[in-house]
Amino acid sequence: MANLTTPRLHFLLALQLLMLIQSQVLCYQNKVGDLDSWGIPTSANPQVYTKWSKYHQFKLGDSLLFLYPPSQDSVIQVTAQSYSSCNLKDPILYMNDGNSLFNFTTLGDFYFTSGEPGHCEKSQKLHISFLSGNGSADSPSSGPSSLDASAPSYPTVFGTIPAPPSSSSSSPSQRFPVFAAAVVGFVVFALFSGNM
């Protein structure tokens with residue numbers, strides 16, 4: 001049997017623990033509109049944000065990244081009523097740095113629009129809804145839920161931000177790293193315990 005006080009074994013156990021911790025904190029940053037930055041949708045793709053929200057899934061800890069020229073646009077989080085009527089007065093949150101990050105810290109419905117007059121009416125708005133830890137985004141046409149868009153967000157300027165993964169988040173295959181880390185750790189432990 002292996003001596004459980006050897007430095008090599010301690011290193012391997014610490015490495016396995018780090019692999020397990022890393023695989024548990026998979027949070028994703030989703031660039032709103034993917035290749036399109038935050039702006040008035042073009043005539044070629046007038047429903048870019050509606051389509052974008054339908055094909056992305058979110059979980060707590062994920063974030064939305066809004067990229068736009070700060071001198072020309074902004075992002076505001078609004079209530080469901082303000083979203084529907086394009087009312088820009090009294091937003092829940094106002095972001096105008098051009099590199100705005102919204103963190104999902106609670107479940108519910110979240111409504112965003114441009115803070116510039118006239119942009120909301122031209123479909124520059126986004127509705128995200130998820131009511132479970134691994135929820136999907138709903139289209140803006142869905143009705144508001146009993147949870148209002150009151151979750152805080154923290155606008156942040158990071159400079160260079162890595163691109164989000166190409167696959168959608170919250171897929172069952174993302175649980176695989178936990179399993180893989182555990183198997184690798186047990187195999188390494190078994191190999192070293194036999195050789196020590």
Side-chain angles (χ1 to χ4, degrees), residues 26-70 72-86 88 91-116 118-145 147-149 151 153-158 160-174:
L26 291 175
C27 297
Y28 292 102
Q29 186 178 84
N30 300 278
K31 181 182 171 205
V32 174
D34 291 331
L35 296 176
D36 298 312
S37 61
W38 180 245
I40 298 173
T42 64
S43 58
N45 194 4
Q47 297 298 317
V48 63
Y49 303 117
T50 303
K51 292 175 186 175
W52 184 85
S53 67
K54 285 182 182 180
Y55 296 107
H56 286 78
Q57 294 183 343
F58 306 96
K59 65 183 184 336
L60 290 178
D62 285 355
S63 59
L64 297 176
L65 175 64
F66 295 87
L67 294 176
Y68 53 91
Q72 299 173 11
D73 212 340
S74 60
V75 180
I76 58 174
Q77 181 186 5
V78 295
T79 64
Q81 295 79 14
S82 294
Y83 176 88
S84 297
S85 64
C86 288
L88 307 182
I92 297 168
L93 177 71
Y94 177 74
M95 301 179 280
N96 66 347
D97 63 4
N99 194 14
S100 302
L101 193 66
F102 177 88
N103 298 308
F104 290 111
T105 57
T106 61
L107 302 177
D109 285 308
F110 301 90
Y111 301 90
F112 304 94
T113 184
S114 170
E116 296 298 311
H119 288 206
C120 178
E121 290 84 353
K122 295 177 182 174
S123 299
Q124 187 181 351
K125 57 186 187 175
L126 175 67
H127 172 211
I128 303 291
S129 176
F130 65 97
L131 302 176
S132 68
N134 292 327
S136 62
D138 288 339
S139 69
S141 61
S142 66
S145 74
L147 296 174
D148 202 357
S153 177
Y154 309 97
T156 309
V157 177
F158 287 110
T160 306
I161 297 177
S166 58
S167 64
S168 66
S169 60
S170 303
S171 67
S173 65
Q174 289 178 350

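No hydrogens, no waters, no symmetry mates; every other heavy atom, side chains included, goes into these values. Just so it is clear, the structure is predicted and the values come from calculations on it, not from any experiment.
Below 30°, between 30° and 60°, or above 60°: for Phe58 and His56 the angle between ring planes is below 30°, a parallel geometry.
Summarising the geometry, atom CG belonging to Leu88 is positioned 6.0 Å from atom OG1 belonging to Thr113; distances are rounded to the nearest 0.5 Å. Distance check, rounded to the nearest 0.5 Å: CG of Asp109 to CD1 of Ile128 gives 10.0 Å.
Using modelled atom types, one finds a donor on one side chain and an acceptor on the other under 3.5 Å when comparing Ser100 with Tyr68.
For the ring-ring contact (aromatic ring centres under 6.0 Å, His included) with Phe66, the qualifying choice from Phe102, Phe112, Trp52 is Phe112, the only one to do so.
The side chain to side chain donor-acceptor pair (under 3.5 Å) check on Gln72 picks up nothing, with sequence neighbours excluded. Under the side chain to side chain donor-acceptor pair (under 3.5 Å) criterion, Ser123 pairs with no residue, sequence neighbours left out. Residues that satisfy the side chain to side chain donor-acceptor pair (under 3.5 Å) test with Ser114, not counting sequence neighbours, are Asp73, His119. Considering only residues two or more places apart in sequence or on other chains, Asn96 meets the side chain to side chain contact (heavy atoms under 4.5 Å, CB included) condition with Ser74, Tyr94. Checked against side chain to side chain contact (heavy atoms under 4.5 Å, CB included), Ser43 has no partners two or more places apart in sequence or in another chain.
A donor-acceptor pair under 3.5 Å is absent between the side-chain atoms of Asn45 and the main chain of Thr42, judged by distance alone. Of the possible donor and acceptor atoms, none in the side chain of Asn103 sits under 3.5 Å from a partner among the backbone N and O of Ser63.
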